[in-house]
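So the structure is just underneath, and the comments pick up after that.
By convention here, the first residue in the shown sequence is residue 1. Treat the numbers as computed from the prediction; the structure is a model and nothing was measured.
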Amino acid sequence: ASALALFAMMTATGALLRRMELPALYAALIPLFVPAAVLGRTGMSDVPSGAITALGWWYFIRGPRQAWVWCVAGFLAGFSTLLRDSNPLFFLPLFAGAVIRREPWLLLAASGLAGLCVRSAIVLALQGTVLGVPIAYYPFTLDGFHVRVLLYVAALTFLVPGGLVAAFQYRGRRWPELLATTVSALLFFSLYSYAGQFSGFVRTTILAPRYFIPLLPALAVAVAWLVHRAGMRSKARASLEWVLFLGALTVSIAVHPVMALWAQRQGLVVDAITQATSAESVVVTELGATAKYINELYGSRAVIGRDQVTLDELAAMRERRNVQLVFLDRSDSEYWRTMALGNSEFAAAVASRCKLVEIVDLQATESDRLRIWAVKNCD
């Protein structure tokens, strides 16, 4: 789904650029953006969100002379919440611009509401509630805001070559809306406290800027406009566009073997945990590191976080059921090194009360070490 969405996003962005009377080639900025290339190989909602945004912008720019076109744009804006609740952020400035310009914004509002209703119906069928199950992983806060905003400014300037600069320089069609979309997205995600800061440099470079994948169509428009208004000679501009194309092609090809190797190593962890544990055992683990490896995709397991159980409770459980410790020690950041130290301390505390039999000791990657013990004979 993500690979198809990446293709759809590029196609819709190319159509948007042509509608803005700009070269469709600048849609190559999308796969050149490394987080988009990686997430195009990952089962997450980021790239599908980008595809819906690109398609919605294309329909919006085609309007408002054709009522049905704007209705589609509004519907996509509301429907986009099915993938991620923050997706309307990339449409609201367009809607606000329609109100200010006294365009038929009621069509956008009504069709957007229809899209929200479809989203609510699907969520109701899946989760039994109209609003969906609330999942608040991280809070919004000013703490660390300056670090996150600098990270995102760098990503939108260098990973999208000149993207942020172009957005502030852009004075083409709908320039207030494009600038407002860029600034509001930058502020919104800078206030959100998660920015991949718990991972190493490479993972942070992918995980944090991925939130801006739906912004890429707007940045592609801005970059294309700036290049073609910069007074460059045609030969120099052609050379720059060839570099852009070849760079995007290189990233698009290179991501496949890199992701295949990464997936293979992640698969080693999944296989080891699946083979060494069973549904009859209670698995005690550090959930932050192992949640994506121990879940119903790979079989049902009774799982308890190591911070949710005392030694006395663990010993009592061992009298009734088999108990196993499953720890994935990561060393790619200070946060995960601290978690790994906590794992070792917990295992040592359990060993002081119970006999631990090592089942698995797997160095899956340079930074990921999986350890599994069976808990025996507790005092």
Should [X] and [Y] count as side-chain neighbours, where that means a heavy-atom distance under 4.5 Å?
| X | Y | answer |
| --- | --- | --- |
| Thr205 | Leu159 | yes |
| Leu107 | Cys71 | yes |
| Trp373 | Val350 | no |
| His228 | Glu21 | no |

Exercise. May I ask you to check whether Tyr152 and Phe189 place their ring centres under 6.0 Å from each other?
Key: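 Phe189 vs Tyr152: aromatic centres not under 6.0 Å.
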Practice problem: Answer yes if the ring centres of Tyr59 and Trp70 are under 6.0 angstrom apart, and no otherwise. | Solution: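 So the answer is no for these two rings.
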Closest heavy-atom pair and its distance - [X], [Y]:
| X | Y | answer |
| --- | --- | --- |
| Ala224 | Leu17 | CB-CD2, 3.9 Å |
| Thr181 | Leu89 | CG2-O, 4.4 Å |
| Arg203 | Trp262 | NH2-NE1, 4.3 Å |
| Ile52 | Leu76 | CG2-O, 3.6 Å |
| Ser49 | Asn87 | OG-ND2, 3.0 Å |
| Leu151 | Ala208 | CD2-CB, 3.5 Å |

Quiz item: Do the side chains of Phe158 and Val251 join up, straight or via other hydrophobic residues, at under 4.5 Å, putting them in one cluster?
Solution: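 No, separate clusters.
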Exercise. Quick one: do Leu108 and Phe91 satisfy side chain to side chain contact (heavy atoms under 4.5 Å, CB included)? Show the steps, please.
Key: CA-CA 10 Å; Leu108 292 173; Phe91 290 97; over 6 Å; no
Residue of the set [options] for which side chain to side chain contact (heavy atoms under 4.5 Å, CB included) holds with [X]:
| X | options | value |
| --- | --- | --- |
| Leu16 | Thr11, Leu55, Ile61 | Ile61 |
| Val282 | Arg320, Arg321, Arg301 | Arg321 |
| Leu219 | Leu156, Leu178, Leu29 | Leu156 |

Practice problem: Mind running side chain to side chain contact (heavy atoms under 4.5 Å, CB included) on Val72 and Arg62 for me, showing each step along the way? | Solution: CA-CA 11 Å; Val72 173; Arg62 288 179 60 187; over 6 Å; no
Quiz item: Yes or no on side-chain hydrogen bond (donor to acceptor under 3.5 Å, both in side chains) for Thr141 and Arg148, after CA distance, side-chain angles and deciding distance?
Solution: CA-CA 11 Å; Thr141 177; Arg148 292 188 293 272; 5.5 Å; no
Quiz prompt | Asp329, Thr285, Thr338 screened by side-chain hydrogen bond (donor to acceptor under 3.5 Å, both in side chains) with Asn343, the one that passes | solution =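 The side-chain hydrogen bond (donor to acceptor under 3.5 Å, both in side chains) with Asn343 is passed solely by Asp329 among Asp329, Thr285, Thr338.
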Interatomic spacing from [atom1] in [X] to [atom2] in [Y] - rounded to 0.5 Å:
| X | Y | atom1 | atom2 | value |
| --- | --- | --- | --- | --- |
| Leu191 | Asp143 | CG | CG | 11.5 Å |
| Leu287 | Asp307 | CG | CG | 8.5 Å |
| Cys117 | Ile122 | SG | CD1 | 11.5 Å |

Quiz item: Can Arg84 and Tyr211 be said to form a side chain to side chain contact (heavy atoms under 4.5 Å, CB included), step by step?
Solution: CA-CA 10 Å; Arg84 180 163 289 171; Tyr211 293 129; 3.8 Å; yes
Self-check item: Within 6.0 Å of CD in Glu313, more than 12 heavy atoms from elsewhere
Solution: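 More than 12 within 6.0 Å, yes.
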Quiz item: Near Phe7 CZ, under 6.0 Å, is it more than 12 heavy atoms from other residues, nucleotides or ligands?
Solution: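 Open.
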Quiz item: Between Leu226 and Tyr170, is a side chain to side chain contact (heavy atoms under 4.5 Å, CB included) present by the stated rule, with each step listed?
Solution: CA-CA 7 Å; Leu226 184 61; Tyr170 178 71; over 6 Å; no
Quiz item: How are the rings of Phe245 and Trp242 set to each other: parallel, tilted or perpendicular (split at 30° and 60°)?
Solution: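 Ring orientation of Phe245 relative to Trp242: perpendicular.
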Practice problem: Would you tell me whether Ser344 and Arg371 have side-chain atoms, one donor and one acceptor, within less than 3.5 Å of each other? | Solution: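 Side-chain D/A pair, Ser344 to Arg371: present.
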